[in-house]
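Structure first, then comments.
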Amino acid sequence: MNFHVCTLFPEMIHQGCQASILGRAVIKQKITVETTDIRDFSTNKHMKVDDYPYGGGAGMVMQAEPVYAACRHVKDRLGENTRVIYLTPQGRVFNQEMAEEFSREENLIFLCGHYEGIDERVLEEVVTDYVSIGDYVLTGGELPAMVMIDAIARLVPGVLNNDVSADIESFHDNLLEYPQYTRPPVWHEKEVPPVLLSGHHANIEKWRYEQSVQRTAKWRPDLLEKHRKNNEK
Ligand code: 6GU
């Protein structure tokens, strides 16, 4: 799967996507992460890409033309039907279900804004999806793009070593993950729950499910509600 990011800060994306599992996924050629620097498409001799907002107000607005030219450049290569995701606190709040849907695409383009936003006219022409990563305000779309790339990439076959773990983790079927333990069996006088050492797989599975339900009830009752609705009948 190919991720393409239009941004004023390409180095942020490259830095963030070269470490750990994402970095390994790139080396294994399971994903590609490429960037287009919107500043390269400035029409201004000082390479400016922003200007004062019409109507006044604080901050600067990214101009339509450089954003348009950058997105055109990428779409000309990836295809006219490629989805363009604009990262904005005004968007739909990203969740696991959206990650699963996006992971079925072959190519995705992320458009990262800065300053007070991007001229609305170019958004109307190029953006297919408006996505937020939560109810708080960040300084730009780069971190949200990386959050989305991470969540989507781990669903791509071969990115995680163990194919099962992508389904059984937190949020699968709206339950949080059960607690995990590894050696030693006693640490700071705390024992590993004995059932996990019993070798009795049915009991282990039952214990883990109960733990998941308890945790979800305690921390995310909203999710438990959804889980129960999905598992009625
Ligand atoms: Cl996608 N962008 C910005 N700037 N802030 C955010 C966000 C996105 N999602 C949550 N806060």
Side-chain angles (χ1 to χ4, degrees), residues 1-20 22 31 33-39 41-42 48-68 70-71 74-75 78 82-105 107-156 170-171 174 176 219-220 222-223 226:
M1 172 160 194
N2 308 302
F3 299 100
H4 204 111
V5 186
C6 294
T7 170
L8 289 171
F9 301 95
E11 66 287 359
M12 258 180 100
I13 304 296
H14 290 296
Q15 280 286 342
C17 295
Q18 73 181 22
S20 189
L22 239 37
I31 63 168
V33 181
E34 292 182 311
T35 57
T36 292
D37 190 339
I38 296 169
R39 199 173 298 282
F41 295 86
S42 168
K48 241 178 55 129
V49 291
D50 62 334
D51 209 332
Y52 298 100
Y54 277 123
M60 302 291 271
V61 176
M62 285 171 69
Q63 291 173 292
E65 187 55 30
V67 170
Y68 182 72
C71 290
V74 181
K75 266 192 166 179
L78 298 183
T82 311
R83 287 166 86 169
V84 177
I85 300 164
Y86 177 48
L87 291 313
T88 168
Q90 273 92 52
R92 249 176 89 198
V93 179
F94 188 55
N95 62 21
Q96 192 64 29
E97 198 181 320
M98 289 159 76
E100 281 162 23
E101 191 206 317
F102 285 127
S103 75
R104 292 191 278 273
E105 301 285 332
N107 301 297
L108 284 176
I109 301 170
F110 294 88
L111 172 59
C112 302
H114 253 264
Y115 316 119
E116 296 307 307
I118 300 181
D119 191 306
E120 190 69 19
R121 294 169 293 182
V122 64
L123 299 178
E124 289 168 6
E125 287 202 15
V126 303
V127 174
T128 59
D129 298 86
Y130 292 79
V131 181
S132 164
I133 62 160
D135 292 337
Y136 41 82
V137 181
L138 301 169
T139 55
E142 286 75 14
L143 289 169
M146 286 190 267
V147 164
M148 289 185 66
I149 291 169
D150 190 291
I152 296 165
R154 64 188 287 291
L155 300 174
V156 172
S170 293
F171 299 119
N174 293 297
L176 301 184
W219 299 112
R220 294 294 306 273
D222 57 315
L223 287 181
K226 284 198 209 169

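Excluded from the calculations below are hydrogen atoms, water molecules and symmetry mates; all remaining heavy atoms, backbone and side chain alike, are included. Atoms within each ligand, like the ligands themselves, are counted from 1 in listed order. Quick caveat, the model's predicted, so the values are computed rather than measured.
- Within the structure, side-chain hydrogen bond (donor to acceptor under 3.5 Å, both in side chains) contacts touching residues 7-19 (residues at least two apart or in different chains) are T7-E142, H14-T35.
- Counting only residues at least two apart or in different chains, salt bridge (Lys or Arg N to Asp or Glu O under 4.0 Å) contacts with residues 111-124 comprise D119-R121.
- Within a 6.0 Å radius of OH in Y68, other residues, nucleotides and ligands contribute 12 heavy atoms or fewer.
- Ring planes of F9 and H114: tilted class, angle from 30 to 60°.
- Sorted by first then second residue, the salt bridge (Lys or Arg N to Asp or Glu O under 4.0 Å) pairs that include residues 95-104, not counting sequence neighbours, are R83-E101.
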Identify the protein atoms, limited to N or O, that lie within less than 3.5 Å of an N or O atom of ligand 1, and list each pair with its distance to 0.1 Å.
{"unit_1": "ligand 1", "atom_1": "4 (N)", "unit_2": "L138", "atom_2": "O", "d": "3.1"}
{"unit_1": "ligand 1", "atom_1": "5 (N)", "unit_2": "L138", "atom_2": "N", "d": "3.0"}
{"unit_1": "ligand 1", "atom_1": "9 (N)", "unit_2": "S132", "atom_2": "OG", "d": "3.3"}
{"unit_1": "ligand 1", "atom_1": "9 (N)", "unit_2": "I133", "atom_2": "N", "d": "2.9"}
{"unit_1": "ligand 1", "atom_1": "11 (N)", "unit_2": "Y136", "atom_2": "O", "d": "2.5"}

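- Summarising the geometry, atom OG1 belonging to T82 is positioned 8.5 Å from atom CG belonging to L108; distances are rounded to the nearest 0.5 Å.
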